[in-house]
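What you see below is based on every heavy atom in this structure, not just the backbone, and it leaves out hydrogens, waters and symmetry mates.
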Amino acid sequence: MPMAPKVEHTKPKSKISSSRKVSLKTLLLSRALEELEAEKQAREEEKVRYLGEQLPPLQVSGLSLEELQKLCKQLHARIDQVDEERYDCEAKVYKNGKDIHELKLKVMDMGGKFKKPALRKVRVSAEEMMRALLGTKHKEHMDLRSNLKSVKKEDIKQEKEGNLEVGDWRKNVEAMSGMEGRKKMFDAGGGQ
């Protein structure tokens, strides 16, 4: 089978020169900067207009004491009303933000693209584990091997040899026969 020559995949050359690209980018950035400035100015004008409608200028000169007190009461009532509206708006914004977050989670769940991260195997000693669980409370050294029963090799050999020694069965039968044999069985049974 003859091998086909390798075809290299390269990007096609763009028809716009690099200097033209740079000039277009600078034009786009300058246009975006102008629009941001215009938007900022429009916001400021809207703010001034809104405050002019909501807060008419106060005229306190030439008012009597009773009229000033009445004006203060009206201003306090207005402040309370605005605070209530602000609190309601903040509550709505918080609730909507929470709803948006829950809906995003539902969309992610429905997508089914969630992958469980691969867990690494980590070797942890008993001391490190106790320190992680108990925090700084755990200061004593914990040696798990000290709690194990110690067994000497000589004891194991004696037990094996003791199990292997089997006496003459006739001696056992003769020792257990008669009344004395029954008495030994009774004593061995724990009925002293």
Side-chain angles (χ1 to χ4, degrees), residues 7-144 146-147:
V7 178
E8 291 185 26
H9 297 287
T10 59
K11 289 184 180 179
K13 292 251 180 182
S14 64
K15 295 180 182 178
I16 301 173
S17 66
S18 61
S19 61
R20 177 77 175 147
K21 282 183 186 178
V22 170
S23 64
L24 287 175
K25 284 183 182 178
T26 55
L27 285 174
L28 284 173
L29 288 174
S30 63
R31 176 69 184 211
L33 187 63
E34 291 172 3
E35 288 181 7
L36 280 175
E37 291 295 326
E39 187 178 323
K40 213 182 272 187
Q41 187 69 24
R43 281 186 193 165
E44 288 295 324
E45 291 172 2
E46 179 67 23
K47 184 178 178 182
V48 169
R49 186 192 61 78
Y50 179 77
L51 289 175
E53 289 175 3
Q54 297 296 324
L55 298 172
L58 292 177
Q59 297 174 355
V60 289
S61 61
L63 294 177
S64 67
L65 183 63
E66 292 175 3
E67 291 174 340
L68 285 174
Q69 288 177 344
K70 186 177 179 182
L71 181 64
C72 286
K73 288 180 183 178
Q74 288 176 351
L75 289 175
H76 278 288
R78 180 72 177 145
I79 289 171
D80 291 340
Q81 181 183 2
V82 169
D83 275 346
E84 287 176 9
E85 290 175 6
R86 180 185 55 84
Y87 178 77
D88 291 343
C89 288
E90 285 178 358
K92 284 180 185 177
V93 167
Y94 177 74
K95 183 180 178 281
N96 288 340
K98 195 173 181 182
D99 291 343
I100 288 170
H101 180 68
E102 288 176 2
L103 290 173
K104 282 182 181 178
L105 290 177
K106 282 184 181 179
V107 168
M108 287 174 60
D109 288 343
M110 291 174 80
K113 296 278 183 172
F114 181 74
K115 279 189 173 181
K116 289 184 181 177
L119 300 176
R120 295 183 303 154
K121 291 183 180 179
V122 179
R123 292 187 131 192
V124 180
S125 68
E127 284 183 42
E128 291 172 354
M129 191 177 297
M130 293 301 286
R131 199 175 305 122
L133 293 174
L134 301 176
T136 58
K137 294 178 186 176
H138 178 71
K139 292 184 180 176
E140 63 188 56
H141 178 69
M142 190 168 144
D143 188 16
L144 296 176
S146 66
N147 296 336

Please report, to 0.1 Å, the donor-acceptor pairs under 3.5 Å made by any side chain of residues 83-90, with sequence neighbours excluded.
from	atom 1	to	atom 2	distance (Å)
Arg86	NH1	Glu90	OE2	3.1

Within this structure, what is the [atom1]-[atom2] distance for the pair [X] and [Y], rounded to the nearest 0.5 Å?
{"X": "Asn96", "Y": "Leu103", "atom1": "CG", "atom2": "CG", "result": "10.5 Å"}
{"X": "Ser17", "Y": "Lys21", "atom1": "OG", "atom2": "NZ", "result": "8.5 Å"}
{"X": "Arg78", "Y": "Gln74", "atom1": "CZ", "atom2": "CD", "result": "11.5 Å"}
{"X": "Glu35", "Y": "Glu37", "atom1": "CD", "atom2": "CD", "result": "11.5 Å"}
{"X": "Glu44", "Y": "Gln41", "atom1": "CD", "atom2": "CD", "result": "7.0 Å"}
{"X": "Leu75", "Y": "Leu68", "atom1": "CG", "atom2": "CG", "result": "10.5 Å"}

Please indicate whether [X] has more than 12 foreign heavy atoms, meaning atoms of other residues, nucleotides or ligands, lying under 6.0 Å from its [atom1].
{"X": "Arg31", "atom1": "CZ", "answer": "no"}
{"X": "Ile16", "atom1": "CD1", "answer": "no"}
{"X": "Glu66", "atom1": "CD", "answer": "no"}

With salt bridge (charged side-chain N to carboxylate O under 4.0 Å, His left out) as the test, would you mind laying out the steps for Arg43 and Glu39 before giving the verdict? CA-CA 6 Å; Arg43 281 186 193 165; Glu39 187 178 323; 3.0 Å; yes
Test item: Glu67 side-chain N/O and Ser64 main-chain N/O as donor-acceptor pair under 3.5 Å: yes
Verdict with supporting geometry, Lys40 and Leu36, side chain to side chain contact (heavy atoms under 4.5 Å, CB included): CA-CA 6 Å; Lys40 213 182 272 187; Leu36 280 175; 6.0 Å; no
Checking salt bridge (charged side-chain N to carboxylate O under 4.0 Å, His left out) for the pair Glu53/Arg49: CA distance, chi angles, key distance, verdict? CA-CA 6 Å; Glu53 289 175 3; Arg49 186 192 61 78; 2.5 Å; yes
